[in-house]
Amino acid sequence: MAEVAKPKETISWGSSSRARPDVLKRKFPTLADLRLAARRRVPRFAFDYVDGGVGAEEIGAKLNASALDAIEIVPRYGGANAPVSPAVEIFGQRYNAPVGIAPMGLPSLMWPGGEAHFARAAQRGRVPFTLSTSAGMSIEEVAKFAPDVFWFQLYRIPRDDLRINFDMARRAADAGAKVLVLTLDVPSRSKRPRELRNSMVIPFRPTLGMIFSVLTSPGWLASLMQQGQPNFANWPPYAAPGASKNDVSLYVRQSIEGAFSWEEVARLRETWRGPLVVKGIMHPEDAETAVSLGVDGIQVSNHGGRQFEAAPASIDVFPAIRDAVGGKAELLFDGGIRSGMDALRAAALGAKMSFAGRAFMYGLGALGGEGADYTVAFFEDEIKVALRQCGVATLAEAQGLTVRHPGAFAFEQVRRNTG
Ligand SMILES: Cc1cc2nc3c(=O)[nH]c(=O)nc-3n(C[C@H](O)[C@H](O)[C@H](O)COP(=O)(O)O)c2cc1C
């Protein structure tokens, strides 16, 4: 793989010593502004891959965002004006803010070299960066850029009785990954209409439309020429010797299959000595099973509305999962986080750490490497203001606030479909 160029410029403010360039704050006051800029700068097929979801109407992603919007927090006044801190301690590490970068396949499609930009930005801003099994840069390369904040995510690869999974977990441990995340919510490939319309399928064959959109995205193209075509960088050791990038893609597609069973989670628990998280949990009973197997963290997630169209918003099932396993495992959350206020909403409900996926991709697409730093700092900055506004100094204190959550899923009142 081509050597990863240094990001053009780094910006961070928040807890970093550099001053925030006000020009970016004025130009991109919200994530929606970054999204629009990304749409203009990035080839259509790459933007749609990130922005899209499952189903004809892609309602899952919209539902996540609207469910968060509906959560109300009652502010308190008259306190001591204590300095606020959005810092979080989880799995023995301290992070500056409660919004990490969720695992995502091929950030380098959104912006070539994206994984390196994310890793560096996360390290500078000291928030978790979870590298995906299907990333465009290898475990070993990324770990160097994010020595203190590197987490690794695994999909199930049943080949040779999980041999590749165990080997990737070993590589992650050797590279210093702080946390291993097992994704459970991809039992099968989902149907994402935008990807099909754009011919984003493997084996990859560029269409005229793709070539046109690349040629009309000059910044992205220049970055591609510098970084080289993205590939599944964790995989070449397992594919046939001399396999082309397309062969490796095909091998990845054939190898990732099904979701981890509880028995497999238990086997990975035995071999991975560090903190283990299961991601994609939506039912309190699944959370309880995971905890009974010795899992350290539950990441409540519906994969950003990219897998199962009829799933509820992930924030709406969060309280029931918290009530089932809170205190027995760390609670993590993702799905629809677009602002510091959203992160405060999740924290007020009991999430120790939230993750955002698309938000970071929009920053990357809008501003290249600079955008990764910008988005990390954007969240930290907004969370500080949100804490101040509601009269608490820390995220732990935020759990004592009065919260109204109209969409909270009442499992005991919902008909259980037992067939
Ligand atoms: C482009 C893209 C690729 C993703 N790839 C993965 C992946 O490889 N592994 C995984 O566990 N989750 C993956 N996810 C899901 C995210 O980790 C996360 O659950 C989701 O993005 C959160 O929703 P949000 O995008 O609204 O923040 C992906 C999400 C996006 C947007």
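As the structure lists them, so they are numbered: ligands from 1, and atoms in each ligand from 1.
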Cationic tip of Arg156 above Phe260 ring, under 6.0 Å, 45° of axis
no
Closest approach of Val142 to Met137 (non-hydrogen atoms, all atoms of both residues)
CG2-CB, 3.8 Å
Ring centres under 6.0 angstrom apart (Phe355, Trp151)
yes
Which pairs of N or O atoms, one from ligand 1 and one from the protein, are separated by less than 3.5 Å, and what is the distance for each pair?
unit_1, atom_1, unit_2, atom_2, d
ligand 1, 5 (N), Gly105, N, 3.0
ligand 1, 8 (O), Gly105, N, 3.3
ligand 1, 8 (O), Ser132, OG, 2.7
ligand 1, 8 (O), Tyr155, OH, 3.2
ligand 1, 9 (N), Gln153, OE1, 3.2
ligand 1, 9 (N), Tyr155, OH, 2.8
ligand 1, 11 (O), Thr183, OG1, 2.7
ligand 1, 11 (O), Lys279, NZ, 3.0
ligand 1, 12 (N), Pro103, O, 3.3
ligand 1, 12 (N), Lys279, NZ, 3.0
ligand 1, 12 (N), His303, NE2, 3.4
ligand 1, 14 (N), Pro103, O, 3.3
ligand 1, 14 (N), His303, NE2, 3.4
ligand 1, 17 (O), Pro103, O, 2.7
ligand 1, 17 (O), Lys279, NZ, 3.0
ligand 1, 19 (O), Lys279, NZ, 3.1
ligand 1, 19 (O), Ser301, OG, 3.4
ligand 1, 19 (O), Asp334, OD1, 2.9
ligand 1, 19 (O), Asp334, OD2, 3.2
ligand 1, 25 (O), Arg358, N, 2.9
ligand 1, 25 (O), Arg358, NH1, 3.1
ligand 1, 26 (O), Gly336, N, 2.9
ligand 1, 26 (O), Arg338, NH1, 3.2
ligand 1, 26 (O), Arg338, NH2, 3.2
ligand 1, 26 (O), Arg358, NH1, 3.3
ligand 1, 27 (O), Gly357, N, 2.8

Taking every non-hydrogen atom, the tightest pair across Ile256 and Ser134:
CD1-OG, 4.1 Å
Check ion pair Asp33-Lys25 (N to O, under 4.0 angstrom):
no
Would Arg306 pass as a cation-pi partner of Tyr49, given that its NZ or CZ must be under 6.0 Å from the six-membered ring centre and within 45 degrees of the axis?
yes
